[in-house]
Amino acid sequence: MVETSYFPWTFPYVYLLALTGPTILVNGQVVPETRWGTTHIPVPPGLHHVRVYLRKSRRAMLLGVAPMGRDFGFADAMIPVATGHRTSTHYRGPIVPILNGALAPQQPKSPGRTWYLIVWAIVLVPVVLAIVANFTN
């Protein structure tokens, strides 16, 4: 089972992520009909190579978001599956399209999340200070 998700506040490219969806490969074979959320993939017991990435977006190319004009957010893992058991892995898409994604047994943080929050803090702190300064005058 592969659970796929992305950071919901990644404006504006979050809308493009919602439209494109992930691609999942198991042992080099594309899993059909993948989308955001849970994808159940029947496999025999053993060790399996899982790769998840995000498909390029023609809409992104039209909007001038160049990195999304090609596949991105690659993440790979070797996943062991025991006989009679279900194995879960979680993929998290990157916040910035030039980064790789994250694939882990538990829900990972979005790659680039810290950078994203720092940039927004740098942008918002002066704005908040200016608003407070206007109200105190």
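What you see is a predicted model; the values in this text were computed from it and never measured.
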Atom of [X], atom of [Y] and distance for their closest heavy-atom approach:
X	Y	result
P22	T34	O-OG1, 2.7 Å
E33	R35	O-NH1, 3.3 Å
V81	H85	CG1-O, 4.1 Å
D71	R55	OD1-CA, 3.5 Å

| query | Are side-chain N/O atoms of N27 and H48 paired as donor and acceptor at under 3.5 Å? | reply |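 Per modelled atom types, N27 and H48 side chains form a pair under 3.5 Å.
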| query | Given a cutoff of under 4.5 Å between side-chain heavy atoms of I, L, V, M, F, W and Y, with clusters grown through shared members, what are the other residues clustered with V125? | reply |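 Under the 4.5 Å side-chain rule, V125 groups with L129.
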| message | Who clusters with L25? Use side-chain heavy atoms, under 4.5 angstrom, across I, L, V, M, F, W and Y, and order the result by chain and number. | response |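 Its cluster partners, ordered by chain and number, are V30, Y53, F74.
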| With L47 via side chain to side chain contact (heavy atoms under 4.5 Å, CB included) - residues at least two apart |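 Expected list: M78, P80.
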| said: Under the side chain to side chain donor-acceptor pair (under 3.5 Å) definition, can you give me all pairs with a residue in residues 36-45, not counting sequence neighbours? | reply: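 Passing the test, one end in residues 36-45: E3-T38.
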| field | Pairwise distance CD1(I79) to OG1(T87) - rounded to 0.5 angstrom | value |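 Answer rounded to 0.5 Å: 8.0 Å.
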| field | Same apolar cluster (I L V M F W Y, side chains within < 4.5 Å links), M1/I24 | value |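 Not linked; separate clusters.
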| request: Could you note down all residue pairs passing salt bridge (charged side-chain N to carboxylate O under 4.0 Å, His left out) where residues 81-91 supplies at least one of them, sequence neighbours left out? | output: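 Found none.
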Listed pairs under 3.5 Å, donor-acceptor, residues 99-114 side chains, sequence neighbours left out:
residue	atom	partner	partner atom	Å
Q107	NE2	S5	OG	3.0
S110	OG	R92	NE	2.8

| Min side-chain heavy-atom separation T23-V52 under 4.5 Å |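 They are not in side-chain contact.
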| query | Any side-chain heavy atom of V2 within less than 4.5 Å of one from I41? | reply |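 When only atoms from C-beta onward are counted, I41 and V2 do touch, with a gap below 4.5 Å.
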